[in-house]
Participant: 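Take this structure first; my questions come after.
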Number of protein chains: 2
Amino acid sequence: MRPISHPDTAQITLADVLYALGDPVRLKIVKTIAQKGEQACRSCGGEDIAKSTLSHHFKILREAGIVHTEKVGTQHLNSLRTDELEAKFPGVLAAVLAAANDIEVCDS
Amino acid sequence: MRPISHPDTAQITLADVLYALGDPVRLKIVKTIAQKGEQACRSCGGEDIAKSTLSHHFKILREAGIVHTEKVGTQHLNSLRTDELEAKFPGVLAAVLAAANDIEVCDS
DNA sequence: AGTATAGTTCCATAAAGTCGAACTATTAAA
DNA sequence: TTTAATAGTTCGACTTTATGGAACTATACT
């Protein structure tokens, strides 16, 4: 099995990060992880979304450098790369999360 | 001629704003307007981009509530809706602009 | 082994982006 | 007041990206 690849901090771009955050489903996922900590995929995104689509959303978040995915058993645990993002783009993620009031968190 | 329509503050969503900012060309445009003030369209975006595409990018920015477009003669002057965005999503635009170091500004 | 769970990959369809060409609107010049 | 020039939009074709169902892979449990 192919190991999960994540971009190096140097490869993370602002446009990619903002693009990844610019989707209601992904915003909800990110907010959920921020609030509830490391989070399994399935629980996020709501019921009315195909798991192949959800897989795609996590891929976008991963490749943008926003989440780190770790495989544990059958599940993938996702965590925010908060410190790295804060170092590279100070205040961006924090401001976005603070502004995400309307976005509901997954009930897990 | 149809007047240019802009979304009301209440209609602006975080996902739309982030999506609009999540493109290198649009990020460059926004940074340029932020630095140089009200700005005509043509000068932004570089030479290697079709004007129909540029028109599309400004439409995205306008519909997301990021820029206000005003027609003056043959040109369209664009300004950032800084105050409204700051009121609705405090710190977001400021953090993004501050983080946009790698993005070069249009030479006008 | 057999079954269940968690995700990914593949394929087909739907939605967005990109660009050239034609069109509209405004200004300036002849 | 036609004619030309400039600034942008709109249209149509093509390309790219998103979405979801079905089949597949990997791990765990019995």
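Note: hydrogens, waters and symmetry copies are ignored here, and every other heavy atom, side chains too, is used. Sequence lines set the chain letters: A, B, ... in the order given, protein chains first and strands last, and positions in each chain run from 1.
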Participant: Show each protein N/O and nucleotides 16-18 of chain C N/O combination with a separation under 3.5 Å, one pair to a line.
Facilitator:
| from | atom 1 | to | atom 2 | distance (Å) |
| --- | --- | --- | --- | --- |
| C:dG17 | OP1 | B:Tyr19 | OH | 2.4 |
| C:dG17 | OP2 | B:His56 | NE2 | 3.4 |
| C:dT18 | OP2 | B:His57 | NE2 | 3.3 |

Participant: Between atom NZ in A:Lys51 and atom C1' in C:dC10, what is the gap in whole Å?
Facilitator: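 Spelled out: NZ on A:Lys51 to C1' on C:dC10 is 14 Å.
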Participant: Measuring from B:Asn78:CG to B:Thr32:OG1, what's the distance to the nearest 0.5 Å?
Facilitator: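 B:Asn78 atom CG to B:Thr32 atom OG1 measures 11.0 Å (nearest 0.5 Å).
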Participant: Please name the pair of heavy atoms, one in B:Leu14 and one in A:Ile103, separated by the smallest distance, quoted to 0.1 Å.
Facilitator: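 Minimum heavy-atom contact is CD2-CD1, 4.3 Å.
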Participant: Round to a whole Å and report the spacing from CG of B:Leu61 to P of D:dT9.
Facilitator: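 From B:Leu61 CG to D:dT9 P: 12 Å.
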Participant: Any pair with a residue in residues 54-69 of chain B that passes salt bridge (Lys or Arg N to Asp or Glu O under 4.0 Å), sequence neighbours left out, goes on the list, sorted by first then second residue, please.
Facilitator: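 Applying salt bridge (Lys or Arg N to Asp or Glu O under 4.0 Å) to every pair that reaches into residues 54-69 of chain B, excluding sequence neighbours, yields nothing.
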Participant: In this structure, how many angstroms lie between the P atom of D:dT19 and the CD1 atom of A:Ile49, rounded?
Facilitator: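 The answer, rounded to whole Å, is 7 Å.
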Participant: Do B:Leu18 and A:Leu27 come close enough that some side-chain heavy atom pair is under 4.5 Å?
Facilitator: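 The answer is yes, as the side chains (C-beta and beyond) meet within the 4.5 Å cut-off.
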Participant: If I take atom CZ in residue B:Phe58 and atom C1' in nucleotide D:dT9, what distance separates them, rounded to the nearest angstrom?
Facilitator: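 Roughly 14 Å, once rounded to whole Å.
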Participant: Do B:Arg26 and B:Ile60 make a side-chain contact, defined as non-hydrogen atoms from C-beta onward lying under 4.5 Å apart?
Facilitator: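 They are in side-chain contact.
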Participant: Would you kindly give the CD1-to-C1' distance between A:Ile4 and D:dA26, to the nearest whole Å?
Facilitator: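 Rounding to the nearest Å, CD1 of A:Ile4 and C1' of D:dA26 are 12 Å apart.
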Participant: Whole-Å distance between C:dA6 P and A:Lys71 NZ?
Facilitator: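 Checked: the NZ to P distance equals 13 Å.
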Participant: Whether B:Arg62 contacts D:dT9 is assessed here as follows: a side-chain N or O lying under 4.0 Å from the phosphate OP1 or OP2. Is that the case?
Facilitator: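 Result: yes.
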Participant: Over 60° means perpendicular and under 30° means parallel, so classify the ring planes of B:Tyr19 and A:Tyr19, tilted if in between.
Facilitator: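 Ring orientation of A:Tyr19 relative to B:Tyr19: tilted.
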Participant: Does A:Ser55 get its side chain close enough to the base of C:dG7, under 3.5 Å, for a donor-acceptor pair?
Facilitator: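 Counting by modelled atom types and ignoring angles, no donor-acceptor contact under 3.5 Å is found here.
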Participant: Using the test salt bridge (Lys or Arg N to Asp or Glu O under 4.0 Å), find all partners of A:Arg81 that sit at least two apart in sequence or belong to another chain.
Facilitator: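 For A:Arg81 the salt bridge (Lys or Arg N to Asp or Glu O under 4.0 Å) partners, ignoring immediate neighbours, are A:Glu84.
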Participant: Starting from P on D:dA18, measure out to CD on A:Glu63 and report it in whole angstrom.
Facilitator: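 About 10 Å, once rounded to whole Å.
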Participant: When the distance from CG of A:Asn78 to P of C:dG7 is rounded to whole Å, what number comes out?
Facilitator: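 Taking CG of A:Asn78 and P of C:dG7, I get 8 Å after rounding.
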Participant: Of the nucleotides D:dG8, C:dC19, C:dT8, which one has an atom closest to the side chain of B:Gln75?
Facilitator: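 Of the candidates, D:dG8 comes closest.
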Participant: Check the phosphate of D:dA26 against A:His76, side-chain N and O only, distance under 4.0 Å to OP1 or OP2. Yes or no?
Facilitator: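 No, no such contact exists.
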